[in-house]
Amino acid sequence: MKRVRSTVAAVVVAGLSFGVAAPESEQAVAAVDRGMLTLWYDEPAADWERETLPIGNGALGGGVFGTVARERIQLNEKTLWTGGPGSVQGYEFGNWTSPRPDAIGGVQELIEREHRVAPETVADALGQQRRGFGAYQPFGELGLALTDPPDEVTDYRRDLDLARAVASVSYQADGVRYTREYFASAADGVIVARLSADRPGRIGFTTSITAPDNRSRRTTASGGRSTFTGALNDNGMRFESQLQVLNRGGARTDNADGSITVADADSAVLVFAAGTDYAEDYPTYRGPDPHERVRAAVDAASAKGWPRLLDAHQRDYRGLFDRVRLDIGQRPVDVPTDELLRGYATAPAPARRALEALYFQYGRYLLISSSRSGSLPANLQGVWNNSVSPPWSADYHVNINLQMNYWPAETTNLSETTGPLFEFVDELREPGAVTARQMHGGRGWVVNNETNPFGFTGVHDWATAFWFPEAGAWLAQHYFEHYLFTKDQRFLRERAYPVMKELAQFWLDGLRVDPRDGKLVVTPSYSPEHGDFSAGAAMSQQIVRQLFTNVVSTADVLGDTAFGAEVRKALDRLDPGTKIGSWGQLQEWKEDWDDPTNTHRHVSHLFALFPGNGIGALKTPELAEAAKTSLTARGDGGTGWSKAWKINFWARLLDGDHAHKMLAEQLIGSTTANLWDTHPPFQIDGNFGATSGVAEMLLQSQDGVVHVLPALPGEWRDGSYKGLRARGDVTVDVRWSDGAAEQIALTTGQNGPVTLRSALFREGVRLVDTRTGRQVPVRADGDSITFTGRAGHRYETR
């Protein structure tokens, strides 16, 4: 049943009743804010992919079904993978199993002669059948079978509170209110559940762990703890979980099959931890048996009990999530989230904005839940998977998808979530150096179209998706962006620059002179999943140019002047990949092959617009216009992740209305009932890309200027945000009205000059240092001001 609010005005649109609450006090505002951060439903989930509610702590994931008689929680542990060393298929990291002298040179010569070569021809020469790549595995499923299931249930509600990162199920049966609560704690490394009722002695169930049959399994129960152990058949990877049941009142029984039964309890708490013997350690990728680690986690968490576990979880989670608040004029709507989504296209504006704001914050929730320190990075499905053969192996595609997962990390104030990404990429360097040496005969390291947790840096033979040596350079962009946002000099020197330098070495060795014009080009080059192989495709050139530009801007500062000079010399000769074609488009290839009627979902040749910064509406208007021409020709269709990329493209073109249109397209056509992005099928990168796109509409800083409300949509006429981040270690708060900024506040983390752009500055407003109360001297230039910021100071317009 739907929850009833006391202050609602019913608005009926498209057969749906949208109850829009009007806040009347500060307390009401707080309640409304929390209410707008909840996904809720009036029935259990029937389909894992479209309806379950995800919880996660980075390493562990759970999908809550909310079924009454037999509750199901789909469980994941992110390192549980088939494939890799020990795989029954064999494993060679994607490297050629036998030498192929001059194979790449032969393809390069063919491209020089023919200019364009079919992907199948190149795959025949350079690819090979993939062996032992593996796939991300479901850990299993936690079942809760009620001892005395009710015949009838009323007032059912299933929800996910983003403000608390807690999923809940509640219902009324036989005069008793039953509640189940679930969360995944990064603070304690466990998943926790509590079953309770508003009358004593009413909790009774049997709980057990089940798992797919592609592994050995042994389950035992003792002292209220169910221990589940085994190994995958494919590669022998060992796994273990422990589930502790803590009942208050009633009785608890350990069963011979490893399940546990609770009878007549007032409440019960379940504490679950899991692990494997995987380790990010090339070339074996194996570490200690997980038993002691799992046991210690469950022991420590069980000793805390529910209140302390919940408090630690919320302190940890809210320390990240609460950094950003967004008000775009939304109001809470009194309909389940799936109905809100179905009615979005024709709903009144406050209801549409409620879903948009919820979707933005949901992306932040998913990133926190699927990428925390000590775990692998978020994969194609974050951390959630219910299949032994998931789509695309639920792997790490690095021709955009892994990178897109982290687009919102810096801008939406979740910088810490990038830690697993950097750990993962650091571990690719060693196997990637072998691939660079054996396949390319060069220095540095390389990774291609997709990879796994076992250092797969070579190739396979899917003709349109096997070759993408630019992937490493794109991944390195995230290191440099992390530095730009944090200004962490130690990170730049010790983590970012070594990665960037090795990749620059790879490309210094790998670029070839194009006989057509003497420019340096990437060859063989392939614009992802589209067209033929050629020399100097736009995306390839733009990525390498971005890498070289970042290295040049850093090398001298760090004292590596000789290498900086070498890269600068190559940069001067590099084809930039930004050529304008015959119909005004930005060319996807070096030659003018673009078809104005082509609506392919990939628009890879606009990399320099976003996430790169080689094209900008204000700094390179002709190139920006050409990018707009290409983007318009491709249209607003596509799959979830490609629509998400287009939100960011249009925001960078300063067209907020079109960016908002793409957000609407994603919600209408590429979003499931539980608000997961669908390719189809489910693919989490679209969630992250869309959250990034919303941030780009509200704040940009890629050109060294903090640009406030650069692409504000007309539908978001009044609103505010707090806590978005700009490059230069700047945190920004803005309030706007009637489409224009009213007040801007920023906190600077470093000493130094800050340039701020907004139409507000044409009105001659003052900038005040709130710590000193003094007006700050500024240098004005049209709609921009420049001032000297001091670390830790907050500055407000007055």
Side-chain angles (χ1 to χ4, degrees), residues 39 41 45-54 56 61 63-65 74 76 135-138 160 336-345 355-356 358-360 362-363 365-367 369-370 378-405 407-408 449-450 462 464-465 528-530 598-604 634-649 661-693:
L39 288 71
Y41 306 83
D47 179 82
W48 173 84
E49 180 180 353
R50 304 185 64 83
E51 297 173 353
T52 56
L53 294 177
V64 178
F65 280 81
Q74 171 64 44
N76 291 105
Y136 181 43
Q137 296 296 295
L160 175 61
T337 303
D338 52 343
E339 292 184 32
L340 181 63
L341 178 64
R342 284 196 299 270
Y344 169 80
L355 183 61
E356 292 161 1
L358 178 66
Y359 191 69
F360 166 79
Y362 187 52
Y365 166 83
L366 292 172
L367 185 55
S369 301
S370 61
N379 60 40
L380 276 175
Q381 295 181 181
V383 67
W384 301 280
N385 169 40
N386 75 330
S387 172
V388 297
S389 54
W392 302 282
S393 304
D395 68 8
Y396 296 99
H397 269 54
V398 285
N399 67 339
I400 182 172
N401 311 93
L402 176 58
Q403 293 91 332
M404 183 182 280
N405 284 359
W407 285 354
N449 196 77
E450 62 245 37
W462 188 270
T464 58
E529 301 182 31
H530 190 210
N598 185 341
T599 57
H600 196 278
R601 67 186 182 280
H602 278 267
V603 199
S604 306
R634 288 291 168 88
D636 296 334
T639 57
W641 66 263
S642 61
K643 292 175 184 175
W645 200 357
K646 291 174 184 178
I647 301 170
N648 292 270
F649 283 146
K661 182 178 187 291
M662 291 312 309
L663 176 62
E665 291 289 331
Q666 182 153 356
L667 288 168
I668 292 168
S670 299
T671 301
T672 56
N674 60 0
L675 301 190
W676 268 347
D677 168 72
T678 179
H679 179 61
F682 162 49
Q683 205 172 282
I684 204 168
D685 42 22
N687 287 101
F688 297 138
T691 291
S692 165

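Minimum interatomic distance between Asp677 and Gly640 (heavy atoms only, all atoms of both residues): OD1-CA, 3.0 Å. Of all the heavy atoms in Trp407 and Gly689, the pair that sits closest is CE3-CA, 4.1 Å. Considering every non-hydrogen atom in both Glu51 and Ala46, the closest pair reads OE1-N, 2.5 Å. Closest of all the heavy-atom pairs between Gly56 and Tyr365 is N-OH, 4.5 Å. Of all non-hydrogen atoms in Trp384 and Gly61, the two that sit nearest each other are NE1-CA, 3.8 Å. The minimum heavy-atom distance between Thr337 and Ala673, with the atom names listed, is CG2-O, 4.3 Å.
Here Asn598 pairs with His530, Asp595, His600, Arg634 under the side chain to side chain contact (heavy atoms under 4.5 Å, CB included) rule; sequence neighbours left out. For Asn449, the side chain to side chain contact (heavy atoms under 4.5 Å, CB included) partners at least two apart in sequence or on another chain are His397, Asn399, Ala465, Phe468. With sequence neighbours left out, the ring-ring contact (aromatic ring centres under 6.0 Å, His included) criterion links Phe360 to no other residue. With sequence neighbours excluded, no residue forms a side-chain hydrogen bond (donor to acceptor under 3.5 Å, both in side chains) with Thr691. The ring-ring contact (aromatic ring centres under 6.0 Å, His included) search around Tyr362 returns none, not counting sequence neighbours. Under the salt bridge (charged side-chain N to carboxylate O under 4.0 Å, His left out) criterion, Arg601 pairs with Glu529, sequence neighbours left out. By the side chain to side chain contact (heavy atoms under 4.5 Å, CB included) test, Ser389 pairs with Ser387, sequence neighbours left out. Partners of Glu49 according to the salt bridge (charged side-chain N to carboxylate O under 4.0 Å, His left out) rule, which considers only residues two or more places apart in sequence or in another chain, do not exist here. Evaluation of the side-chain hydrogen bond (donor to acceptor under 3.5 Å, both in side chains) rule for Trp645 yields no partner, not counting sequence neighbours. Take Glu450 and apply the salt bridge (charged side-chain N to carboxylate O under 4.0 Å, His left out) test, not counting sequence neighbours, and it matches Arg130. Under the side-chain hydrogen bond (donor to acceptor under 3.5 Å, both in side chains) criterion, Ser670 pairs with Lys643, sequence neighbours left out. The side chain to side chain contact (heavy atoms under 4.5 Å, CB included) search around Pro680 returns Thr678, not counting sequence neighbours.
Other residues, nucleotides and ligands contribute more than 12 heavy atoms inside 6.0 Å of the CH2 atom of Trp392.
A heavy-atom distance below 4.5 Å is not found between the side chains of Trp641 and Lys646. No side-chain heavy atom of Asn405 sits under 4.5 Å from any side-chain heavy atom of Leu367. At least one side-chain heavy atom of Leu366 sits less than 4.5 Å from a side-chain heavy atom of Pro54.
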Item to check | Residue pair Asp636, Lys661: steps toward the side chain to side chain contact (heavy atoms under 4.5 Å, CB included) verdict | outcome: CA-CA 9 Å; Asp636 296 334; Lys661 182 178 187 291; 2.6 Å; yes
Next on the checklist: Applying side chain to side chain contact (heavy atoms under 4.5 Å, CB included) to Met662 and Phe649, what does each step give before you reach the verdict?
Outcome noted: CA-CA 10 Å; Met662 291 312 309; Phe649 283 146; over 6 Å; no
Item to check | side chain to side chain contact (heavy atoms under 4.5 Å, CB included) assessment of Phe65 paired with Trp48 | outcome: CA-CA 7 Å; Phe65 280 81; Trp48 173 84; 3.9 Å; yes
Next on the checklist: side chain to side chain donor-acceptor pair (under 3.5 Å), that's the test. Do Gln666 and Tyr359 meet it? Break it down for me.
Outcome noted: CA-CA 11 Å; Gln666 182 153 356; Tyr359 191 69; 3.2 Å; yes
Checklist entry - Can you check side chain to side chain contact (heavy atoms under 4.5 Å, CB included) on Val64 and Leu160, steps first, answer last? => result CA-CA 9 Å; Val64 178; Leu160 175 61; over 6 Å; no
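Just one of Val388, Leu380, Val383 meets the side chain to side chain contact (heavy atoms under 4.5 Å, CB included) condition when paired with Tyr136; it is Val383.
At a cut-off of 3.5 Å, with distance as the only test, no side-chain donor of Tyr41 or Glu339 sits close to an acceptor on the other residue. Residues Asp685 and Asn401 have side chains that bring a donor and an acceptor to within less than 3.5 angstrom of each other. Between Gln381 and Asn379, the side chains place no donor N or O within less than 3.5 Å of an acceptor N or O (distance only, hydrogens not considered).
Separating the OG atom in Ser604 from the CD1 atom in Ile400 is a distance of 6.5 Å, to the nearest 0.5 Å. Distance CG/Asn687 to OG1/Thr671: 7.0 Å, rounded to 0.5 Å. For the atom pair CG of Leu39 and CG of Asp338, the computed distance is 10.0 Å after rounding to the nearest 0.5 Å. Distance check: Asp395 CG to Leu402 CG gives 9.5 Å after rounding to the nearest 0.5 Å.
When atom types are taken as modelled, the side chain of Gln403 and the backbone of Val398 share a donor-acceptor pair closer than 3.5 angstrom.
Remark: aromatic rings of Trp676 and Phe682 are close, center separation under 6.0 Å.
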